[in-house]
K.L.:
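One structure, pasted below without further comment.
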Amino acid sequence: MAGKIRPVRGMNDILPDQTRAWQYLEDRARRILETYGYREIRFPHLEHLELFARSIGEDTDIVEKEMYTFADSGGEVLALRPEGTAGCVRAAISAGLFRGGGAHRLYYLGPMFRHERPQKGRYRQFHQVGVEAFGPPGPDLDVEQILMAQRLLQDLGVPGLTLHLNSLGQPEDRRAYRGELIAYLEERRGRLCDTCRDRIQRSPLRVLDCKVASCQEAVASAPVITDYLGEASRAHFERVQALLQEAGIRFVHDPKLVRGLDYYTDTVYEWTSDHLGAQDTVVAGGRYDGLVAELGGPATPAAGFALGIERLLALMDSAQIPTEGLDAFVAPLDERAQSVALELSETLRDEGLSAWYHSGGGSLKSQLKKADRLGAAVAVLLGDQELAEGTVTVRDLVQGEQEAVPRDRAPQAVADRLG
RNA sequence: GCGGUCGUAGCUCAGAGGCCAGAGCCCCGGAUUGUGGCUCCGGUAGUCGCGGGUUCGAAUCCCGCCGACCGCCCCA
């Protein structure tokens, strides 16, 4: 294996056999998001490290140990984006999108990078569809986004889903709650696992969903964030739940649901699927009313979600992905037929048909075999006979019938043979 | 970063100390002259992940490294 260069760990090639599913998912996502008025935005994969540190939070795992960071030759400290929201908000601020206070609905598709240990459903380069809406502060926006995500998941036939919902309140609510929680946890320090002991002061919310049994017991009667919500947040959360119920969307209120990014406020949610492994979150999102201001824009409420493409692909019913076939396989039987075959192939494409011009010769038998393997519907054969007569042989590879037709009628003859 | 399982042809895998390392799929060719799919025949292809060690002899046993997968952690 000398000289063979490996792919970077956790970074996967997406091969031709898989790209059809990717394209299908991306097309469906675009179509659905656009019916809700969202428009695509594209922004760099690389940003100043500080953007992520400030938006995601210095003390989060993502910023602390999962980012790909480096100093470029000019000495600027950059990072490959570990998620999309920060860059999206930065781009919107940079473009002055918030001047005038108009509502904006944006979506994006693309790779994100986190230096984690790869496993099923978790990769170092992974792909998300993200949506962000800016302006409206109301709970109805949160619910419309949940409806939109659900439509997408249903459209793609994703099984075994559960929607988990929680509210994190405003920063001051969280601060008050955090104090209470730390006090509670400190009293039970002895019953917590090692990692949770370390977490008490740094990120006490994380202790709540530790999977160690003793931690679960210790935390069973811990204070719950939703008991500490301010009046506005409480009302917001109740309204979200009421609207979800009226929309007929089932959810479970999960008081322990905590997101790994600091910018969330009020509503947070997560869809999990029981058909995945340990990495079972397919969609996650929520409201982040403080982020735009935090990044230097005008105070602007906002909400959004991100969807993991690889995870969704793993869940999708591949049967619904359309297979696009090849219309015509054009076979020049010898060198003399090449120029006519090339020209005929172009004519077929002029008519909107797909044509595989066969280069490389071989016996008619081997060429037909190739046409068959390629899944061509029709083979167009051009040999001495056809050249002499000014015809082509159009062979229907499904029916097994063929006919000789004048060359200029070939496109029509091919089209007639297609389902 | 921690733990477990596993690395043999392009792919899926068999071989578990001893004839030149095997099968299926794929690919290529053939089964009379210009006709695919089914069948049959033949063929190409592997420094058995890499490096050391044990042994008369290692794909097979031992050690190290690398990689993949699964889980922890964390999250999409």
Side-chain angles (χ1 to χ4, degrees), chain A residues 1-2 4-10 12 15 17 56 60-66 81-85 109-130 149 193-196 198-199 203 205-207 209-212 215 257-261 268 270-273 276-285 304-315 329 331-334 337 358 360 362-387 393-402 404:
Chain A
M1 303 292 149
K4 210 181 241 182
I5 297 176
R6 302 171 182 285
V8 176
R9 176 191 279 246
N12 301 117
L15 301 172
D17 279 349
I56 297 167
T60 58
D61 281 19
I62 292 176
V63 169
E64 235 172 34
K65 49 190 192 198
E66 294 175 3
R81 63 184 190 189
E83 59 100 47
T85 302
L109 292 170
M112 307 294 163
F113 304 85
R114 292 184 200 169
H115 191 107
E116 296 185 88
R117 185 88 183 219
Q119 76 185 67
K120 187 185 178 73
R122 188 170 77 185
Y123 310 100
R124 290 184 173 182
Q125 175 175 327
F126 62 101
H127 299 76
Q128 293 186 333
V129 175
C193 70
D194 289 346
T195 44
C196 281
D198 291 341
R199 287 197 276 227
S203 56
L205 297 179
R206 258 335 126 48
V207 181
D209 44 24
C210 179
K211 280 160 193 160
V212 177
C215 293
L257 176 63
V258 178
R259 315 260 48 260
L261 303 94
V268 292
E270 202 170 279
W271 255 285
T272 59
S273 169
L276 287 171
Q279 310 302 320
D280 61 356
T281 302
V282 183
V283 173
F305 66 75
L307 173 160
I309 295 182
E310 283 87 349
R311 292 183 188 175
L312 202 43
L313 248 13
L315 291 168
F329 181 95
L333 299 191
D334 58 44
H358 174 71
S363 63
L364 173 57
K365 185 194 197 93
S366 70
Q367 294 204 43
L368 279 173
K369 193 173 280 188
K370 224 160 242 153
D372 192 52
R373 300 253 161 88
L374 286 168
V378 171
V380 176
L381 312 178
L382 266 163
D384 282 347
Q385 259 176 52
E386 288 82 359
L387 285 180
T393 296
V394 174
R395 179 171 180 81
D396 186 326
L397 292 172
V398 180
Q399 305 296 328
E401 313 161 341
Q402 66 185 41

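Throughout, protein chains are lettered first and strands after them, A, B, ... in sequence-line order, and every chain is numbered starting at 1. Keep in mind it's a predicted model, so treat the numbers as computed, not measured.
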K.L.:
Side-chain N or O of A:R373 versus OP1/OP2 of B:C28: is the shortest distance under 4.0 Å?
P.N.:
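For B:C28, OP1/OP2 do have a side-chain N/O of A:R373 under 4.0 Å.
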K.L.:
Reading RNA chain B from 5' onward, which residue's closest nucleotide shows up sooner: A:G308 or A:K120?
P.N.:
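Going by which nucleotide is closer to the 5' end, it is A:K120.
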K.L.:
B:C73, OP1 or OP2 - any side-chain N/O from A:R117 closer than 4.0 Å?
P.N.:
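No.
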K.L.:
Identify which nucleotide among B:G29, B:U35, B:G71 has an atom closest to any side-chain atom of A:K365, counting heavy atoms from C-beta outward.
P.N.:
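Output: B:U35.
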K.L.:
What's the closest nucleotide to the side chain of A:R395 if the choices are B:C73, B:C70, B:U35?
P.N.:
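Nearest to the side-chain atoms of A:R395, counting from C-beta on, is B:U35.
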K.L.:
Using whole Å, report how far CD of A:Q399 lies from P of B:G36.
P.N.:
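Interatomic distance, CD of A:Q399 to P of B:G36: 17 Å.
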K.L.:
Residues two or more places apart in sequence or in another chain: which of them pass salt bridge (charged side-chain N to carboxylate O under 4.0 Å, His left out) with A:R124?
P.N.:
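Result, salt bridge (charged side-chain N to carboxylate O under 4.0 Å, His left out) vs A:R124: none returned.
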K.L.:
Find which nucleotide of RNA chain B each of A:R122 and A:E310 is nearest to by heavy atoms, and output the residue with the more 5' nucleotide.
P.N.:
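The residue whose closest nucleotide sits nearer the 5' end is A:R122.
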K.L.:
Both distances below 3.5 Å, Watson-Crick or wobble geometry, any strand: find the nucleotide opposite B:G22.
P.N.:
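By the stated definition (distances under 3.5 Å), B:C13 pairs with B:G22.
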K.L.:
Can you find a donor-acceptor pair, distance only, under 3.5 Å between A:Q279 side chain and B:G71 base?
P.N.:
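Counting by modelled atom types and ignoring angles, no donor-acceptor contact under 3.5 Å is found here.
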K.L.:
If you only use heavy atoms from C-beta on, which nucleotide in B:G30, B:G34, B:C72 is closest to the side chain of A:Q119?
P.N.:
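Side chain of A:Q119 sits closest to B:C72.
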K.L.:
Side chains of A:R395 and A:L368: closer than 4.5 Å at any heavy-atom pair?
P.N.:
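Answer yes - side chains close enough.
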K.L.:
For the side chain of A:R114, counting heavy atoms from C-beta on, which of B:C75, B:C72, B:G36 is nearest?
P.N.:
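Of B:C75, B:C72, B:G36, B:C75 is nearest to the side chain of A:R114.
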K.L.:
At less than 3.5 Å, do the side-chain atoms of A:D372 and the base atoms of B:G36 form a donor-acceptor pair?
P.N.:
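Checked by distance alone, the answer is yes.
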K.L.:
Sort out the partner of B:G42 for me: Watson-Crick or G-U wobble, both distances under 3.5 Å, none otherwise.
P.N.:
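The answer is B:C28, by the H-bond criterion.
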K.L.:
Indicate, with a heavy-atom threshold strictly under 4.0 Å, whether A:A371 touches base, sugar-phosphate, or nothing.
P.N.:
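No contact at all - A:A371 keeps every heavy atom at 4.0 Å or more from the nucleic acid.
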K.L.:
Mind checking if A:L261 touches a base, just sugar-phosphate, or nothing, with heavy atoms under 4.0 Å?
P.N.:
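Answer is sugar-phosphate: A:L261 comes under 4.0 Å of backbone atoms only.
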K.L.:
Which nucleotide, in any strand shown, forms a Watson-Crick or G-U wobble pair with B:A68, with both distances under 3.5 Å?
P.N.:
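Paired with B:A68, as far as the under-3.5 Å criterion goes, is B:U5.
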K.L.:
Which one, B:A76, B:G34, B:C70, comes nearest to the side chain of A:Q128?
P.N.:
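So the side chain of A:Q128 is nearest to B:A76.
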K.L.:
Under a 3.5 Å threshold, yes or no: a donor from one side chain and an acceptor from the other, between A:Q402 and A:T393?
P.N.:
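Checked: A:Q402/A:T393 side chains show no N/O donor-acceptor pair below 3.5 Å.
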K.L.:
Nearest whole Å is fine: how far is B:A31 C1' from A:K369 NZ?
P.N.:
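Roughly 11 Å, once rounded to whole Å.
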K.L.:
According to salt bridge (charged side-chain N to carboxylate O under 4.0 Å, His left out), does anything in residues 364-387 of chain A pair up with another residue at least two apart or in another chain? List the pairs.
P.N.:
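Qualifying pairs, neighbours excluded: A:R336-A:D384.
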K.L.:
Answer with base, sugar-phosphate or nothing: what part of the nucleic acid does A:E386 contact at a heavy-atom distance below 4.0 Å?
P.N.:
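Base contact.
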K.L.:
I'd like to check A:H115 versus A:K65 (side-chain heavy atoms, cut-off strictly below 4.5 Å). Are they in contact?
P.N.:
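No, every pair of side-chain atoms sits at 4.5 Å or beyond.
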K.L.:
On a plain distance test, is the side chain of A:Q402 in donor-acceptor contact with the base of B:U35 below 3.5 Å?
P.N.:
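Check passes, donor-acceptor contact within cut-off.
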K.L.:
Which nucleotide, in any strand shown, forms a Watson-Crick or G-U wobble pair with B:G57, with both distances under 3.5 Å?
P.N.:
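Because no pair has both required distances under 3.5 Å, B:G57 counts as unpaired.
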K.L.:
Report which part of the nucleic acid A:V398 touches: base, sugar-phosphate, or nothing (heavy-atom distance under 4.0 Å, all strands).
P.N.:
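If one applies the 4.0 Å heavy-atom cut-off, A:V398 turns out to touch a base.
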K.L.:
With side chains defined as the heavy atoms from C-beta onward, is the minimum distance between A:H127 and A:P111 less than 4.5 Å?
P.N.:
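SC-SC contact between A:H127 and A:P111 confirmed.
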K.L.:
Using Watson-Crick or G-U wobble geometry with both distances below 3.5 Å, tell me the partner of B:U35, or none.
P.N.:
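Base partner found: none.
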K.L.:
Heavy atoms from C-beta onward define the side chain here; which of B:G34, B:C69, B:A76 lies closest to that of A:P118?
P.N.:
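Per side-chain heavy atoms of A:P118, the pick is B:C69.
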K.L.:
Side chain of A:S366 only, please: which of B:G29, B:C28, B:C75 is the nearest?
P.N.:
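Among B:G29, B:C28, B:C75, the one nearest the side chain of A:S366 is B:G29.
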